[in-house]
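Structure record follows, encoded as structure tokens.
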Amino acid sequence: MMTFDVIVAGTGPAGLMTAERTAKYGLKTLVLEKRQSVTNSLMGELVTDKALNFLRVRPDSEYIGNKFSSIVGESLDTGSKIVVDRTLLGNSYLFDEDKCQELMRDRALSDGAEFRYNSRVKSVVKENDSVVGVKYNQAEEERASLTVGADGSFSRVSETAGFIHPKWLLSYGYRFKLTNCKGIDPSTAYFYVGEDVGLGYLWLYPRSETETNLGIGRVPSSKSKWQALPPMKEVLKKYMKTHPETKDAKIAAVNGGVVPCAGIIPRFTDAGVALCGNSAGQVSSIVGGGVTTCFHAGQVLARHAKRMVDSNDFSKHSVRLYEKEYRKSKLASNITNTGKGMWAVSKYAMFNDPIEAAEIVLGQLDAKTLNELIQGHASVGTFMTLMTDFLPMVAKIGVGYLRAIAVSGL
Ligand SMILES: Cc1cc2nc3c(=O)[nH]c(=O)nc-3n(C[C@H](O)[C@H](O)[C@H](O)COP(=O)(O)OP(=O)(O)OC[C@H]3O[C@@H](n4cnc5c(N)ncnc54)[C@H](O)[C@@H]3O)c2cc1C
């Protein structure tokens, strides 16, 4: 008899949603988190209606910090831009991350889940080829029928359970909370590209006319190109200096994180163990959007955990049904599409200037096509148009992709 039905390692959006749901299904759930609380972290903040639906919160509730009516893609170097308004994108919102995290934690607690903080998972415990729990901190151990690795991009559960990440392309990011700004338009979010940013973008998500979140996320395409980039703090300072709205701003908080962006890993389930969220590569890579995809994966996983507990079957085959259902979803296929795109773009950037390509995109691509590509559901018609309008660039990206396949397989 196991002590717990489910152990969830990590309280990011994936772990919290999984725990909220497993507790709701009446499963005896233990959550282990290495930090001191669920808050003060980078959960991810820019989301669409989908995330609100998964979380079951209303757009006018306290969980939403701001709402955007348009999103602008702009070059820091030349000023060329594309405006994607809500007719194309739908609504976009800025989560109040702490409140959302507390909401999920409190829902899980009220349904009986146990949370242990300052609890760093070291490894999974295996018996007869099946994971039966975890070791954490110095020598503590807990056992469960199902262990969930929601412990982020450098997941200990994933590593010690033996999952492999052949295309582990990571995006490194920092998010700064700025106060004391002036005259910011709170209805518009910005994504900036530029030489100083490298392969990635700088984003500005205003919270009000005087407060904004500013982040920088970059993917290294090669060591030398990565080393040649200015440090993120310098990029931030330069942006603040050259934009009157943020000239006198103060940095009130800083958070950092790492997001996988080459798509879902080849296997993320095994006997007694399943991964969820960043640990499984369940992130929409081009925009680094992980909150919605984590909520979705957590809910699918929790439903399967309930089935496994009901049937008392935690075999490889039984856990894999979560993976099978997840992979068939539209969100998973968008992740796979954008992951291939990002992989190709990173290879392209090894041998070409990605900013030159970004300038072409900003100068010539229409907002509808850009939106389809970012979301990972471009139609065949869109691809045909791209092929003809941007042939030299598409050809280079295609060659990059073929090189990527040659190096590491599909
Ligand atoms: C700078 C930045 C900005 C982003 N902005 C957005 C955005 O606007 N919208 C969006 O949708 N996505 C965004 N993302 C992506 C999103 O934040 C991630 O995809 C998402 O947080 C992944 O959730 P997760 O639960 O899988 O992992 P994480 O959020 O990484 O959570 C993992 C948790 O596990 C804990 N943990 C780690 N190791 C252990 C261990 N050994 N033992 C116990 N606990 C452990 C960590 O402390 C953490 O609490 C952003 C990412 C970054 C880096």
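Counting starts at 1 for both ligands and their atoms, following the listed order. We number each residue from 1, following the sequence as shown.
Defined by atom type and a distance below 3.5 Å, a donor-acceptor pair is present between the side-chain atoms of S41 and Q101. Side chains of Y201 and R218: no donor on one and acceptor on the other come within 3.5 Å. Under 3.5 Å, the side chains of D185 and S187 contain a donor-acceptor pair of N or O atoms.
Counting heavy-atom neighbours within 6.0 Å of R320 CZ, excluding the residue itself, gives a total above 12. Around CZ of R56, the count of heavy atoms belonging to other residues, nucleotides or ligands within 6.0 Å exceeds 12. The environment of NZ in K238 is sparse: at most 12 heavy-atom neighbours from other residues, nucleotides or ligands sit within 6.0 Å.
Backbone and side-chain nitrogen or oxygen atoms of N278 are examined, and one is located within less than 3.5 angstrom of a nitrogen or oxygen of ligand 1. No N or O atom of G277 sits closer than 3.5 Å to an N or O atom of ligand 1. Of the N or O atoms in R156, none lie within a sub-3.5 Å distance of an N or O in ligand 1. Not one N or O of V258 is nearer than 3.5 Å to an N or O of ligand 1, by distance alone. No N or O atom of V283 sits closer than 3.5 Å to an N or O atom of ligand 1. Backbone and side-chain nitrogen or oxygen atoms of G290 are examined, and one is located within less than 3.5 angstrom of a nitrogen or oxygen of ligand 1. The N/O atoms of E45, backbone and side chain alike, include one that comes under 3.5 Å of an N/O atom in ligand 1. On a distance-only criterion, K34 and ligand 1 share at least one N/O pair closer than 3.5 Å. At least one N/O-N/O distance between R35 and ligand 1 falls below 3.5 Å. For A14, a nitrogen or oxygen atom sits less than 3.5 Å from a nitrogen or oxygen atom of ligand 1, counting backbone and side chain alike.
Taking the six-membered ring for Trp, Y326 and H304 have ring centres at least 6.0 Å apart.
Figure legend: cation-pi geometry between K67 and Y93 absent, as NZ or CZ is not positioned both under 6.0 Å from the six-membered ring centre and within 45° of its axis.
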**Study point:** From CA spacing to verdict: side chain to side chain donor-acceptor pair (under 3.5 Å), T22, T29
**Key:** CA-CA 7 Å; T22 53; T29 303; 3.0 Å; yes

Exercise for review: Assess whether side chain to side chain contact (heavy atoms under 4.5 Å, CB included) is satisfied between L170 and V259, documenting all intermediate values.
Suggested key: CA-CA 6 Å; L170 298 169; V259 182; over 6 Å; no

Exercise for review: Might you work through the side chain to side chain contact (heavy atoms under 4.5 Å, CB included) test for Y174 and N255, ending with a clear yes or no?
Suggested key: CA-CA 6 Å; Y174 279 99; N255 288 102; over 6 Å; no

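In the vicinity of V291, heavy-atom distances shorter than 4.0 Å reach the ligand 1 atoms 10 (C), 11 (O), 12 (N). The G152 neighbourhood of ligand 1 comprises atoms 27 (O), 30 (O), 32 (C), with distances under 4.0 Å to a heavy atom of that residue. Those atoms of ligand 1 that come under 4.0 Å of a heavy atom in T11, given as number and element, are 33 (C), 34 (O), 49 (O). Remark: ligand 1 atoms within the under-4.0 Å shell around heavy atoms of L32 are 43 (C), 44 (N). Interface atoms of ligand 1 facing M43, defined by a heavy-atom separation under 4.0 Å, are 16 (C), 17 (O), 20 (C), 21 (O). The V259 neighbourhood of ligand 1 comprises atoms 15 (C), 51 (C), 52 (C), 53 (C), with distances under 4.0 Å to a heavy atom of that residue. For ligand 1 and L46, the ligand atoms under 4.0 Å from any heavy atom of the residue are 7 (C), 8 (O), 9 (N), 10 (C), 11 (O). Proximity to R120 (heavy-atom distance under 4.0 Å) selects the following atoms of ligand 1: 41 (N), 42 (N).
Distances from atom 32 (C) of ligand 1 to the heavy atoms of G10, A150, A51 show the closest one on A150. Selection from S284, G257, G298 by nearest heavy atom to atom 53 (C) of ligand 1 gives G257. Proximity annotation for atom 20 (C) of ligand 1: of P260, G44, S37, P13, P13 comes nearest, heavy atoms only.
With a 4.0 Å heavy-atom cut-off, ligand 1 is reached by the side chain of W203 but not by its N, CA, C or O. By the criterion of a heavy-atom distance under 4.0 Å, neither the backbone nor the side chain of K122 is placed next to ligand 1.
Using 4.0 Å as the threshold, S119 has a heavy atom nearer than that to some atom of ligand 1. Heavy atoms of Y136 come nearer than 4.0 angstrom to ligand 1 in no pair at all. Residue contacts with ligand 1 include C294, since one or more of its heavy atoms lies under 4.0 Å from the ligand. The closest approach between Y172 and ligand 1 stays at or above 4.0 Å for every heavy atom of the residue.
With hydrogens and angles disregarded, a donor-acceptor distance shorter than 3.5 Å links the side chain of N66 to the backbone of P186. A donor-acceptor pair under 3.5 Å is absent between the side-chain atoms of K122 and the main chain of Y136, judged by distance alone. Remark: the backbone N or O of A14 is paired with a side-chain donor or acceptor of T18 at under 3.5 angstrom.
Annotation: the span from L331 atom CG to T336 atom OG1 amounts to 10.5 Å, rounded to 0.5 Å.
For the side-chain hydrogen bond (donor to acceptor under 3.5 Å, both in side chains) with N213, the qualifying choice from E97, E45, K177 is E45, the only one to do so.
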